[in-house]
Amino acid sequence: MVVKAALVFVVVAVLLTYYCHEPVPQDIPQPTLFASFGIVMRTVRHMARIGEYLGIGTEPQNLRYILGALISAGVKLRTGISYREGLECTDTTFDGVRVRVYEPVSARQSSGRVPGLVFIHGGGWVMLSVDAFDELTAHVSKELGIVVVSVKYRLAPEHVFPAAFDDSVAATKFFLQNAEKYNVDSARIGISGDSAGGNLAAAVTLALAKEKGLPKLKTQALLYPALQAIDFQTPSYIDHGHLNTLTKDLMVAYWIWYLNNDQSFREVFKANNHTSDQLKKSQYAGYVDHKMVRPNLRPKIVKTVNKESIKFPEIPNIATILDPRFAPLMADDADLKGLPPTYVMTCEYDVLRDDGVMYATRLRNAGVRVEHDHNERSFHGFLPQFSDNELAGTAMEKYLTYLRKNL
Ligand SMILES: *[C@@H]1O[C@H](CO)[C@@H](O)[C@H](O)[C@H]1NC(C)=O
């Protein structure tokens with residue numbers, strides 16, 4: 001009996017040790033935080049998949065539910081901290097899109113108009129919420145004394161592209177057109193977002209640059225954004241695709257949920273077999289040239305081809321991967337010219353590092369004023385920890401400093 005119990009104990013301990021072994025890069029300053037983040041993401045993903053296997057919800061529904069519950073439990077634990085003090089927070093709709101508006105009481109009483117910011121939250125287009133980013137958006141509104149509009153866009157895969165994009169455009173346009181109702185100067189409205197929200201913020205900026213009769217967005221601030229889906233073998237995907245804070249496998253799954261919800265193609269995408277040889281030699285390959293990340297590489301030799309003539313393997317909606325509304329890095333240079341001043345935040349330990357680096361490089365080459373903050377020792381999704389984690393706190397300060405100067 002005792003032997004049996006001891007044996008079970010040893011087996012459980014070994015399994016637990018094995019399970020909790022988490023790859024942590026050497027120079028991560030808070031390895032425990034990084035490892036816990038990774039283990040949580042990995043466990044939640046396993047639970048989501050087991051749930052789907054057992055017929056309890058789909059993987060994305062389960063991811064959304066479990067992470068949502070974890071985050072709201074975390075928020076409840078922190079209720080002592082009244083981060084909303086001095087703010088008026090209102091849930092309303094802008095042109096049919098649900099939004100949460102954060103207004104500093106000081107801004108309401110101000111005789112002059114104040115700047116505004118549209119914020120689009122991350123979560124792979126499938127999960128997280130305005131609630132999950134409540135502390136971050138409240139902090140930005142309060143610190144800068146500006147009105148922040150956080151957008152509750154429709155989520156994939158129930159709503160595939162372009163639902164999230166359309167909602168983000170509609171809410172942003174409404175804010176630009178109705179700024180004075182919030183005592184906001186419509187000439188001083190910017191847009192920002194993290195991860196999938198950075199993708200949407202960049203896509204909205206590109207789209208609205210072409211709209212006539214609308215105030216211009218003052219700036220775009222993109223936080224470790226996801227910007228392209230034609231190359232899953234960029235140096236950052238290769239170097240960091242195994243990190244559980246955001247694995248390559250999960251990032252590819254997110255793109256597919258957003259594109260067509262057909263995960264049977266996941267391995268095909270991961271191997272870059274979702275693009276043809278013709279596409280790999282076209283201007284679009286030049287838009288993700290690895291030379292922008294590894295300067296000693298030779299530039300890729302590419303040929304400009306007509307978008308409509310590009311062939312793809314048989315995958316539903318696949319041509320959408322070249323649509324800048326879906327993947328802003330696919331915008332032509334002519335479309336990048338004249339975009340507003342841009343802030344890009346990237347993290348070293350992030351499969352999306354190179355998406356951000358490449359967009360910053362291409363925008364700069366197109367004559368756009370770009371400020372690029374690269375966080376050498378940070379990982380994807382670290383910013384919401386700004387009140388507990390020193391590196392995230394410093395990054396938040398830089399982001400706020402940029403917005404203060406450029407709104
Ligand atoms: C990708 O394409 C290559 C070359 O055609 C092939 O060898 C490989 O098996 C493919 N992999 C996947 C996952 O589709």
Side-chain angles (χ1 to χ4, degrees), residues 23 38 41-42 44-53 58-60 62-63 124-127 156-157 160-161 195-196 199 226-294 297-323 326-327 329-330 349-355 357-358 380:
M41 283 304 293
R42 182 154 50 107
V44 169
R45 182 110 199 266
H46 285 160
M47 288 164 71
R49 297 178 108 167
I50 291 168
E52 181 173 273
Y53 179 76
T58 63
E59 185 186 344
N62 296 341
L63 277 176
W125 305 278
V126 309
M127 57 177 206
V160 293
F161 174 83
S195 196
N199 162 285
L227 298 170
Q228 60 86 23
I230 67 166
D231 186 0
F232 295 112
Q233 286 167 13
T234 60
S236 57
Y237 269 107
I238 291 172
D239 292 349
H240 305 310
H242 65 293
L243 297 176
N244 285 306
T245 42
L246 178 60
T247 59
K248 169 173 166 169
D249 188 74
L250 183 57
M251 192 59 232
V252 171
Y254 284 146
W255 277 113
I256 294 177
W257 280 317
Y258 186 40
L259 177 71
N260 63 15
N261 193 24
D262 190 340
Q263 294 291 343
S264 64
F265 291 104
R266 197 183 307 165
E267 293 307 318
V268 175
F269 275 66
K270 282 164 72 180
N272 273 356
N273 283 0
H274 63 310
T275 62
S276 55
D277 281 345
Q278 182 200 19
L279 174 53
K280 288 185 174 86
K281 290 174 189 149
S282 71
Q283 70 270 31
Y284 297 104
Y287 295 167
V288 292
D289 194 335
H290 297 186
K291 184 177 169 54
M292 289 184 268
V293 184
R294 301 265 186 265
L297 290 177
R298 281 201 209 160
K300 224 178 171 113
I301 297 167
V302 297
K303 209 171 75 187
T304 302
V305 291
N306 188 337
K307 195 184 223 172
E308 277 66 43
S309 74
I310 290 184
K311 295 188 180 50
F312 288 98
E314 285 284 317
I315 299 172
N317 285 348
I318 189 66
T320 300
I321 65 171
L322 298 185
D323 186 338
F326 178 76
L329 201 48
M330 296 299 104
Y349 298 109
D350 183 1
V351 289
L352 300 179
R353 178 195 69 197
D354 298 347
D355 285 26
V357 170
M358 288 169 178
H380 189 83

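Start at 1 and go down the list; that is how both ligands and their atoms are numbered.
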Give me the nearest non-hydrogen protein atom to atom 14 (O) of ligand 1 as residue plus atom name, then the distance to 0.1 Å.
Asn273 ND2, 2.9 Å
So Phe269 and His274, would you call those rings parallel, tilted or perpendicular, with 30° and 60° as cut-offs?
parallel
With the threshold set strictly below 4.0 angstrom, can you tell me whether any protein non-hydrogen atom sits that near atom 4 (C) of ligand 1?
no
Quick check against the 3.5 Å criterion: does Asn62 have a side-chain atom that pairs as donor or acceptor with the backbone of Ala48?
yes
Donor-acceptor pair, Asp355 side chain versus Gln228 backbone, under 3.5 Å?
yes
Distance flag for atom 7 (O) of ligand 1, protein heavy atom under 4.0 Å:
no
What about the rings of Phe161 and Trp255, do their centers lie closer together than 6.0 Å?
no
Nearest non-hydrogen protein atom to atom 13 (C) of ligand 1, with distance, is Glu267 O, 3.6 Å
